[in-house]
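Worksheet: one structure, shown below.
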Amino acid sequence: MSPDLQAVHDVLVDVAKQAGHMILSATPRVHAAGSKKNTTDLVTETDQAVEQYIQTTLAAQFPDMGFYGEESYTPGAKLGAEPVFVCDPIDGTANFVHGFPWVCTSLALVIDRKPVVGVIYNPFLRSLYTAIQGQGSFVDLTTPLPLRREPEPLTTLQHALVAVEWGADRRGPNFEVKQRTFVALARAVEDGGAMVHSLRSTGSAALNFALVASGALDLYWEGAAYAWDVSAGWLILSEAGGIVVDTNPGGWEATLDGRRYMAVRGAPAGQKELVQEFWGHVAGQLDYHA
Ligand code: IPD
Ligand code: CA
């Protein structure tokens, strides 16, 4: 029997709000075991406590559904055909540690590797982004996305506000591709660059997706994130008319756990042309895989 998506949505909203209370009342303490990968890949006791709370609560209410969360993930675990809750208890952990208020809980129900319910809640800014497949997406449950009811057509990168993230991988060929691409995006057109209006990095992949869905950002280019960072945001964006493709030139089909994502806002024209133009500035291939 297929799940009642509205019921799942309502529970995920409650759970995300409760997670928000936990986050606001916590003192960020980087976990005793230290960081996951290096000094920039942080995990706090709160990330783990919030995920534990979410997993336990969802298991009690929906015992037939699986769980795929950042803190309890075992390497090699894959999304499959069965319904699964995909959870990032705190997206923007470095922001949380520093008190920079771009922090959220990101929750999705994924069936057959496609998100069907998505909820993102930022307790610091009290903003809630939600979507149910086929029913549009909303901020604060009532305001539809995108925020402009008649979004402008996309034209060129020269008129675009673009998000990129530095991520936690700061070595090797992937880092080279990223930093050369960032420079190409910023550089003057006369010198071969795209000269975007500007680059932004909020430090939360989920909130970047929400900002593209709302229309505040035109595009977000991300290599190295995981399904828990993007599942809710992907649905919220696509319900707002946006698209997700690969970071790498020619990749029109991105996958939820493929780790490479380019999100483009909803627009009456120009999405594919902007993607093609962007790919022309990607300085190599990002080598991240499911
Ligand atoms: C990170 C953030 C960041 C993105 C990284 C993620 P975390 O998640 O979403 O924006 O660039 O790839 O790992 O560590 O804050 O949960
Ligand atoms: Ca995350």
Side-chain angles (χ1 to χ4, degrees), residues 16 19-20 22-23 26 28-31 33-51 54 68-73 75 85-108 110 115 118-124 129 162-172 174-175 177-179 181-182 199-213 217 219-234 236-237 244 246-247 254 256-263 286-290:
M22 292 176 74
I23 292 167
R29 263 195 295 272
V30 175
H31 192 266
S35 54
K36 290 185 216 172
K37 194 186 302 158
N38 57 41
T39 53
T40 62
D41 194 14
L42 301 174
V43 59
T44 69
E45 292 167 5
T46 314
D47 293 66
Q48 296 173 327
V50 171
E51 179 157 318
I54 293 170
Y68 187 90
E70 176 165 16
E71 306 309 329
S72 52
Y73 165 77
F85 288 113
V86 177
C87 161
D88 194 342
I90 301 185
D91 192 43
T93 303
N95 291 339
F96 174 56
V97 168
H98 288 272
F100 187 85
W102 288 84
V103 175
C104 67
T105 297
S106 174
L107 300 172
V110 171
V119 170
I120 295 173
Y121 181 56
N122 178 341
F124 290 94
Y129 299 90
V162 171
V164 294
E165 291 288 339
W166 292 96
D169 276 339
R170 305 285 172 83
R171 315 173 49 186
N174 282 325
F175 189 68
V177 173
K178 280 192 191 176
Q179 55 102 347
T181 303
F182 298 173
L199 295 173
R200 298 283 180 266
S201 299
T202 69
S204 161
L207 289 170
N208 286 335
F209 266 77
L211 287 169
V212 179
L217 290 169
L219 187 150
Y220 169 38
W221 188 76
E222 167 70 54
Y226 287 88
W228 47 77
D229 298 307
V230 303
S231 289
W234 186 317
I236 291 164
L237 173 64
V244 184
D246 199 328
T247 53
L256 208 54
D257 52 7
R259 304 200 58 201
R260 307 186 308 265
Y261 316 95
M262 172 152 57
L286 283 180
D287 187 24
Y288 293 101
H289 298 282

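Atoms within a ligand are numbered from 1 in the order they appear, just like the ligands themselves.
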Closest N/O/S atom of [X] to the Ca ion (ligand 2), by atom name?
{"X": "Asp91", "result": "OD1"}
{"X": "Asp229", "result": "OD1"}
{"X": "Asp88", "result": "OD2"}

Ring geometry between Trp228 and Tyr68 (parallel below 30°, tilted from 30 to 60°, perpendicular above 60°):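 Tilted, since the angle between the ring planes falls between 30° and 60°.
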Check ligand 1 for close polar pairs with the protein: N or O on both sides, less than 3.5 Å.
| residue | atom | partner | partner atom | Å |
| --- | --- | --- | --- | --- |
| ligand 1 | 8 (O) | Asp91 | OD1 | 2.9 |
| ligand 1 | 9 (O) | Asp91 | OD1 | 2.7 |
| ligand 1 | 9 (O) | Asp91 | OD2 | 3.3 |
| ligand 1 | 9 (O) | Ala205 | N | 2.9 |
| ligand 1 | 10 (O) | Gly203 | O | 3.3 |
| ligand 1 | 10 (O) | Ser204 | N | 3.3 |
| ligand 1 | 10 (O) | Ala205 | N | 3.2 |
| ligand 1 | 11 (O) | Glu222 | OE1 | 3.1 |
| ligand 1 | 15 (O) | Gly92 | N | 2.7 |
| ligand 1 | 15 (O) | Thr93 | N | 2.8 |
| ligand 1 | 16 (O) | Glu70 | OE1 | 3.2 |
| ligand 1 | 16 (O) | Ile90 | O | 3.2 |
| ligand 1 | 16 (O) | Asp91 | OD1 | 3.4 |

Modelled atom types, side-chain donor and acceptor of Asn208 and Glu165, under 3.5 Å: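 Short answer, yes.
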Exercise: do Tyr288 and Asp169 side chains pair donor with acceptor under 3.5 Å: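 Present: a donor and an acceptor within the cut-off.
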Option passing side-chain contact (heavy atoms from CB on, under 4.5 Å) with Leu207 (candidates Asp229, Leu217, Ile120):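 Of all the options given, the one that passes is Ile120.
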Identified side-chain contact (heavy atoms from CB on, under 4.5 Å) partner of Met262 from the options Val162, Asp246, Leu219: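 Considering Val162, Asp246, Leu219, a side-chain contact (heavy atoms from CB on, under 4.5 Å) with Met262 is found only for Leu219.
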Interatomic distance, Ile90 atom CD1 to Thr44 atom OG1 [nearest 0.5 angstrom]: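 If I round to the nearest 0.5 Å, the distance is 4.5 Å.
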Pairs satisfying side-chain hydrogen bond (donor to acceptor under 3.5 Å, both in side chains), at least one member in residues 93-103, at least two apart: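 Listed once each, the pairs are Asp47-Thr93.
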